[in-house]
Amino acid sequence: MASGSNSLIWFRKGLRIHDNPALEYAAKGSSYLYPVFVIDPHYMEPDSTAFSPGSARAGVNRIRFLLESLADLDSSLRKLGSRLLVLKGEPGDVLFRCLKEWDVRRLCFEYDTEPYYQALDIKVKNYASAAGIEVFSPVSHTLFNPADIIQKNSGRPPLSYQSFLKIAGQPSWASSPLSTTISSLPPIGNVGNCGISNVPTLQELGYEDSGQDELTPFRGGESEALKRLRGAMDEKEWVAKFEKPKGDPSAFLKPATTVLSPYLKFGCLSSRYFYQCIQDVQKNVKTHTLPPVSLLGQLLWRDFFYTVAFGTPNFDRMNGNRICKQIPWNVDHELVAAWRDARTGFPWIDAIMVQLQKWGWMHHLARHCVACFLTRGDLFIHWEKGRDVFERLLIDSDWAINNGNWLWLSCSSFFYQYNRIYSPITFGKKYDPNGDYIRHFLPILKDMPKEYIYEPWTAPLSIQTKAKCIIGKDYPKPVISHDTASKECKRKLAEAYELNKKLNGVVSEEDLKMLRRKFEEDHQRQEPQTKRLKNKN
DNA sequence: GATGCGTTGGGTCA
DNA sequence: TGACCCAACGCATC
């Protein structure tokens, strides 16, 4: 490209100045640089028909987090002599109009492996190629290029963490020097009539002021990400000794993890920079934990899921997904709604779901508990239903990681030990015997004695009255009995696995229907027995 | 076919 | 808190 022409940096993820290869390249030798973010109304504008405040696709917490990230990016760009140009509309159409109007000769954007961007980016690249526009689209969201790893493994993504590590080898890109620190940016040219606006506020997008009584405590943006990162890295012992499974899911005043996931999701934090910071800490301590449980191991998990997701057609579905066990999950909208709206009657489960709604974030093990409960542990509901709720409400919801974890927790892929079920009663109790977490997120139970707080339906009526919480009136009775439901789930999964084995994974809709019918008949037979037991109690 | 392994279960016992 | 058993899966490797 001739020096002195116009460049456009298209921000999607990668909402940062530091270690941003696309931005660095876009700035190099350009007379004018147009930093663009396109607001897709479908993603950002209020939808009153959704089950929670937010747009059709995202809860209000994540929309706010994104707006804060954009405002921070805009402020950083301004310090470098530029600004963020915000446009509205279908991203492809908006971009084509800008490229033409501004006579852009160089288009830069971070490579994205999600199906949505894969489809969009093909259109964009075709347009650019026809118009003679140079495109630079580096892989900088992850430590590895998923395509490289899949190629190294003869075209198929590795399906276990250990095999992923073996194939991936040393992350050479992640260890390479960061992008040059940018001290100034080329000016913005004449923007003409492209409908540029500032970063909108939530109110400007049409959201009510008092949509929720408690919004997420996590602020979006690169500045906040770097502050959080520094805070975490200052605690060298903590970083070195980090062991994911040992974290306390009930810790909410000071979460047991870094809470950097939402910043990685939007690219407010460079995964390469994070990786190098952890390595620096590890170099300077005597001993440290190792993947998969170490902090570095968590970043590699992220790459693992990105790689499998990229290399697996229909990764976000059961049907047509070759790595997903075909299971005849229950269809029960009432139960899904009870789970989603924190009305299962299990305080540990409901408190986690309230934290999800209010904060858009909860500890990894807490996510495990509610996902296991919804799917293979108790309710036997389709993992896609839970995935949808997480995808909407989490501020860190990430297509590859969210779907990967739901596949994992539902024993549909990666992990198959379906007899290992998280107890909705005893698991949380181990960490928080007093039930402070429950008391915080479910204040209706705040006066329930700790002996009953994980199973309030067992409290004598006198205790319930004293605690001002009558079970069945002020707080729901449990939707199922964990003992019987979890046993039934195990039986069902054993049968579903057998069917998958017998048919070599090629299970038709009809096969699933038949098995589902059998499950219903089995359940009918069990029911009278269960009722008798209940009457006895 | 046997064997070993897999990020993080529950329960009991010392 | 850790060691051990329970019950037991799929998958990779040999």
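Note that this is a predicted model, so its numbers are computed, not measured. Each chain gets a letter, A, B and so on, in the order the sequences are listed, and its residues count up from 1.
Residue-level contact check: A/Phe414 touches neither bases nor backbone, having no heavy atom under 4.0 Å from any strand. Note on A/Ser163: nothing from the nucleic acid sits closer than 4.0 angstrom, heavy atoms only. A/Lys501 comes within 4.0 angstrom of sugar-phosphate atoms only, judged by non-hydrogen atoms across all strands, and of no base. Here A/Lys430 lies in heavy-atom contact (under 4.0 Å) with sugar-phosphate atoms only.
Counting only N and O atoms by type, the side chains of A/Ser160 and A/Ser163 include a donor and acceptor under 3.5 Å apart. A side-chain donor-acceptor contact under 3.5 Å links A/Tyr437 and A/Gln355. Using a 3.5 Å distance cut-off with no hydrogens or angles, the side chains of A/Asp483 and A/Ser481 do not pair a donor with an acceptor.
Applying the 4.0 Å criterion to OP1 and OP2 of C/dC11, one finds that A/Ser160 has every side-chain N and O outside that range. For C/dC11, one of the phosphate oxygens OP1 or OP2 lies less than 4.0 angstrom from a side-chain nitrogen or oxygen of A/Lys325.
Between A/Arg420 and A/Leu159, the residue anchored closer to the 5' end of DNA chain C is A/Arg420, taking for each the nucleotide with the nearest heavy atom.
B/dT7 and C/dC5 have their P atoms separated by 23 Å, with the value rounded to a whole Å. Using atom C1' as the reference point in both B/dG6 and C/dA7, the two lie 16 Å apart (nearest Å).
In this structure, of B/dT7, C/dG10, B/dG9, it is B/dT7 that holds the atom nearest to the side chain of A/Gln162. Each of C/dG10, B/dG11, B/dG9 was ranked by its minimum atom distance to the side chain of A/Tyr497; first place goes to C/dG10. Across B/dT7, B/dG9, C/dC9, the shortest atom-to-atom separation from the side chain of A/Tyr418 is found for C/dC9. Looking at the side chain of A/Gln417, the nearest of the listed nucleotides C/dC9, B/dT7, B/dG10 is C/dC9. Side-chain proximity of A/Tyr416 to B/dG10, B/dT7, C/dC11: nearest is C/dC11.
Going from atom CD of A/Glu495 over to atom P of C/dC9 covers 13 Å, rounded to whole Å. Across the protein-nucleic acid pair, A/Asn153 atom CG and C/dC11 atom P stand 16 Å apart, rounded to whole Å. In this structure, A/Lys246 places its NZ atom 10 Å from C1' of C/dG2, rounding to the nearest Å. Here the P atom of nucleotide B/dG6 and the CG atom of A/Leu165 are 11 Å apart, to the nearest Å. For the pair A/Arg376 CZ and B/dG10 P, the interatomic distance rounds to 10 Å; values are reported in whole Å. To the nearest angstrom, C1' of C/dC9 lies 12 Å from CD1 of A/Ile421. With rounding to whole Å, A/Lys502 atom NZ is found 17 Å from C/dC9 atom P. Rounded to an integer number of Å, the gap from CG of A/Asp248 to P of C/dT1 is 12 Å.
At least one side-chain heavy atom of A/Leu299 sits under 4.5 Å from a side-chain heavy atom of A/Leu264.
Heavy atoms from other residues, nucleotides or ligands lying under 6.0 Å from NZ of A/Lys241 number 12 at most.
Partner A/Asp396 forms a salt bridge (Lys or Arg N to Asp or Glu O under 4.0 Å) with one of A/Arg367, A/Arg62, A/Lys265 and no other, that one being A/Arg367. Partner A/Trp406 forms a ring-ring contact (aromatic ring centres under 6.0 Å, His included) with one of A/Trp329, A/Phe415, A/Phe305, A/Phe390 and no other, that one being A/Phe390.
A/Trp301 qualifies as a stacking partner of the B/dT7 base, centre to centre under 5.5 Å and near-parallel within 30°.
Ion pairing between a basic and an acidic side chain is recognised when a charged N comes within 4.0 Å of a carboxylate O; A/Glu521 and A/Lys518 show no such pairing.
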Dot-bracket for DNA chain B, 5' to 3', counting Watson-Crick or G-U wobble pairs under 3.5 Å, with [ ] for crossing pairs and | for inter-strand pairs? ||||||..||||||
